[in-house]
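First comes the structure, then the notes that go with it.
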Amino acid sequence: MEKCQKIMELAKRRGFFWQSYEIYGGESGFIDYGPLGTLLKRKIEQKWVDEFVRKEGFMLIDTPVLAPSIVFEASGHTTYFTDPITTCKKCGRKWRADHLLEEQAKISGEGLSLEELDKKIKENNVHCPECKGELEPPKFFNELFKTTIGPYSENIGYGRPETAQGIFSNFKRLYELARNKLPFGVAQVGRCVRNEISPRQGPIRLRELTIMELEFFFDPENPRCDKLVEVKNEKLRILPEKLLVEGKDKPVEVTVEEALKEGYIKSEWNAYFMVKAKKFVESLGIPAEKQFFKEKLPTERAHYSTQTYDQLVELSCWGAVEVSGHAWRSNYDLKMHMVYSGEDLRVYIPYNEPKKIRKFLVKPIKKAFVESFGDEALRVMRLVNLTPENELVNSLKKNGHYDLKGDGKTYRITLNHVEVEEVYVEEKGKRFLPNVVEPSFGLDRLTYATLEYAYSEKDNRIVLRLPRNITPIEVAVFPLMTKDGLPEKAVEVYRLLIKHGFTVEYDESGSIGRRYARMDEVGTPLAITIDYQTLEDNTVTIRDRDSWKQIRVKIDNLPKTLEKYFKENVGFDDLGKL
RNA sequence: GCGGCCGUGGUCCAGCCUGGUUAAGACAGGGGCCUGCCACGCCUCUAACCCGGGUUCAAAUCCCGGCGGCCGCACCA
């Protein structure tokens, strides 16, 4: 049996996870976490927050799953999360309508409406590339989950496909809470929904998933990472675009310093977080040599991304699977939220000395914008305001126009739209949009991968070798026999450990071996047994999940000993020497 | 969505081709006996044919549709 099947079997049987709505036949793309899975998932989340928030001094927030449509219009998701799809009438295959048009008719399908696409497909005799069949009129498929908010059917809302927009839309307030200083980081862990066309692969491709992400804001003119010294000699297994286009498909191992020098990684902060990601995934029991980072090619990249690396982990049945993404989002999101909301999201940093400079003052002429861009006039004007003046004016002087790219379109700005004045001003500081680097982790995938790497078999039984600080149950307590006062003593020990905050399970059923085996199977690292010697000298045995070795400890010392094991990471063998 | 394979107690599976007793087995689980440290043994109990139609005197079995799973194609910011 494949390892993934064994994991699925174990997950169902022992209550880690299973398919949702089973009694109604199930629904693809949704899973339920059972008692143990819920504990495991939460512990991995806590570990992530500890690493990416607490240790870094960043902030953690919690925003709604649902948002009014304008949020995702601004973020670009309503546009870029949508693809025109056409179906072949003969063979049923689905194709990107705009791609077919470009390939077969050499016409750009970008920004065309469905009717226009359909018309051009028919005019140019575009057909199914596979079977030459006739094509159906294209339809939009959008992966956003749509809903209405409140009783008004025109009040459209969407489920978030990422938690990031909840951070970007709060930027003003968060910057204030960061006491108006860059850089700073804001993290969020939460449920997201994506209406996948055809989810497969159990817990790997879900329609509802939990994402852990960090948005790190920094000054693009000061992009140096001050923590780089800590990681510059760390090794990364990396497959950058440069090598991908050469046809290479095996990652190379380089130090962070080399990766930056070679230009493989464009942002120092991205490199820093990639190292953290590698170490974090390693701490879940997934060895570094089973991970690598692969750069996304420009055609695969998200609309907001300047550079993206995926962190992949080798899994038994599904090959290398993405568990985190490391995107350099430039200022895309803040810029678009600024354009859509009209709020000034720029930060202001004063100069030490005021600077006298010569610059162009660009004044948009409202009437001309309305005439050219109709409903979009306001947003286009805001985009113009965010365009570097020199770039705009130089192009206007040279070409008579400036092609303003934004919001999925290109707007042609001409000399009719603006008044340009050259002025001398004294500037006391700079006003700009911060850049963003985003490490983003799929918690469900990590939970699954953790289970897969913990899985082992010993003497025909399953032992989950989970790292000790993420196991659902920390300690088991067993009486050796169910007589002679042993269960009573064991319950006492159980209560003692519960009182000290440990997650403990008491079990007196069946043979002692069977109870050990049951706990091994769910990864419980320590089992305490109360035997006849306990009644004499108040000591108990502690048994190690991985070695099956035992040590003997006084009950009075038990909480302290366990503390050393779980919090201070003292090795099992050394516990006996305390 | 298309094509291939598949769906039986909590789990893993036999039975289906060739329709017909109380749907077999293993593991897990509950209760009991036993048990001085690794799924011990014995007794006992609980527990299943994905859903809906059709054919038939009779359907887990044959047919149709749906749902779900795996693989391939497509999709996957």
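A note on names: the letters A, B, ... follow the listed sequences, proteins ahead of strands, and every chain is numbered from 1. Please read all numbers here as calculations on a predicted model, not as lab measurements.
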Exercise. Starting at atom CG of A:Leu206, determine the distance to atom P of B:G69, rounded to an integer number of angstrom.
Key: 11 Å
Exercise. Specify the separation, in whole Å, of atom CD of A:Glu9 and atom P of B:C70.
Key: 16 Å
Exercise. Could you tell me which nucleotide pairs with B:G3 by Watson-Crick or G-U wobble geometry, both distances under 3.5 Å, or answer none if nothing does?
Key: B:C71
Practice problem: Check the pair A:Phe293, A:His326 against ring-ring contact (aromatic ring centres under 6.0 Å, His included), reporting the backbone distance first and the verdict last. | Solution: CA-CA 9 Å; A:Phe293 290 90; A:His326 299 261; 5.7 Å; yes
Quiz prompt | Whole-angstrom distance between B:U61 and B:A48, as gauged at atom C1' | solution = 16 Å
Quiz prompt | Pairing partner of B:C62 (Watson-Crick or G-U wobble, both distances under 3.5 Å) | solution = B:G54
Self-check item: Given B:G30, B:U11, B:C71, the nucleotide with the shortest approach to the side chain of A:Trp318
Solution: B:C71
Quiz item: When we call it a touch if two heavy atoms are under 4.0 Å apart, what does A:Phe478 touch: a base, just sugar-phosphate, or nothing?
Solution: nothing
Quiz item: Starting at CD1 of A:Ile31 and ending at C1' of B:G68, how long is that distance when rounded to a whole Å?
Solution: 16 Å
Practice problem: Send over the distance from A:Gln19 CD to B:C70 C1', rounded to a whole Å. | Solution: 12 Å
Exercise. Determine the Euclidean distance between corresponding P atoms of B:U56 and B:G19; express it in Å to zero decimal places.
Key: 16 Å
Practice problem: Quick one: label A:Thr541 by what it contacts on the DNA or RNA (base, sugar-phosphate, nothing), any heavy atom closer than 4.0 Å. | Solution: base
Exercise. Please measure how far the P atom in B:C2 lies from the corresponding atom in B:A59, and state the result in whole Å.
Key: 31 Å
Practice problem: Assign a letter to each nucleotide of nucleotides 38-51 of chain B from its 5' end: B, base within under 4.0 Å of a protein heavy atom; S, sugar-phosphate only; -, no contact. | Solution: BBB-----------
Quiz item: Of A:Gly29 and A:Glu162, whose nearest nucleotide on RNA chain B comes first from the 5' end?
Solution: A:Gly29
Quiz item: Are the side chain of A:Asn142 and the backbone N or O of A:Leu144 linked by a donor-acceptor pair below 3.5 Å?
Solution: yes
Quiz item: Which part of the nucleic acid does A:Gly76 contact within heavy-atom distance under 4.0 Å: base, sugar-phosphate only, or nothing?
Solution: nothing
Quiz item: Which base sits across from B:C42 as a Watson-Crick or G-U pair, both distances under 3.5 Å?
Solution: B:G32
Exercise. Just jot down the salt bridge (Lys or Arg N to Asp or Glu O under 4.0 Å) partners of A:Arg207, sequence neighbours excluded, or say none.
Key: none
Exercise. Using the P atoms only, state how far B:C40 lies from B:A26, rounded to an integer number of Å.
Key: 16 Å
Practice problem: Could you give the distance separating B:C13 and B:G25 at their C1' atoms, to the nearest angstrom? | Solution: 8 Å
Quiz prompt | Rounded distance in Å between the C1' positions of B:C12 and B:U35 | solution = 29 Å
Practice problem: Sort out the partner of B:G25 for me: Watson-Crick or G-U wobble, both distances under 3.5 Å, none otherwise. | Solution: B:C12
Self-check item: Distance, P atom - from B:A60 to B:G3, rounded to whole angstrom
Solution: 28 Å
Quiz item: Does A:Lys146 have any salt bridge (Lys or Arg N to Asp or Glu O under 4.0 Å) partners at least two apart in sequence or in another chain, and if so, which?
Solution: none
Quiz item: Where the side chain of A:Ser28 is concerned, which of B:G68, B:C71, B:C76 is the nearest nucleotide?
Solution: B:G68
Self-check item: Candidate list A:Arg301, A:Lys296, A:Lys294, test salt bridge (charged side-chain N to carboxylate O under 4.0 Å, His left out), partner A:Glu241, passing option
Solution: A:Arg301
Quiz prompt | Test: A:Glu162 and A:Arg329 ion pair at under 4.0 Å | solution = yes
Self-check item: salt_bridge(A:Asp507, A:Arg514) N-O dist < 4.0 Å
Solution: no
Quiz prompt | Interatomic distance, A:Ile7 CD1 vs B:C70 P [rounded to whole Å] | solution = 15 Å
Quiz prompt | Test ring-ring contact (aromatic ring centres under 6.0 Å, His included) applied to A:Tyr304 and A:Tyr80, step by step | solution = CA-CA 10 Å; A:Tyr304 49 71; A:Tyr80 293 101; 9.4 Å; no
Quiz item: A:Thr482 near the nucleic acid: base, sugar-phosphate alone, or nothing, with a heavy-atom cut-off under 4.0 Å?
Solution: base
Quiz prompt | A:Asn195 CG to B:C75 P, straight-line distance once rounded to whole Å | solution = 17 Å
Practice problem: Quote, to the nearest angstrom, the P distance that separates B:C51 from B:G10. | Solution: 13 Å
Quiz item: Once you round it to whole Å, what is the distance between C1' of B:C75 and CG of A:Asn142?
Solution: 13 Å
Self-check item: Any-strand Watson-Crick or G-U partner of B:C76, both distances under 3.5 Å
Solution: none
Practice problem: Would you mind checking if A:Arg468 and A:Asp544 are paired as a salt bridge, meaning a charged N to carboxylate O distance below 4.0 Å? | Solution: no
Self-check item: Spacing between A:Asp32 atom CG and B:G68 atom C1', to the nearest angstrom
Solution: 14 Å
Self-check item: Nearest to side-chain heavy atoms of A:Gln201, which nucleotide of B:C71, B:G68, B:U35
Solution: B:C71
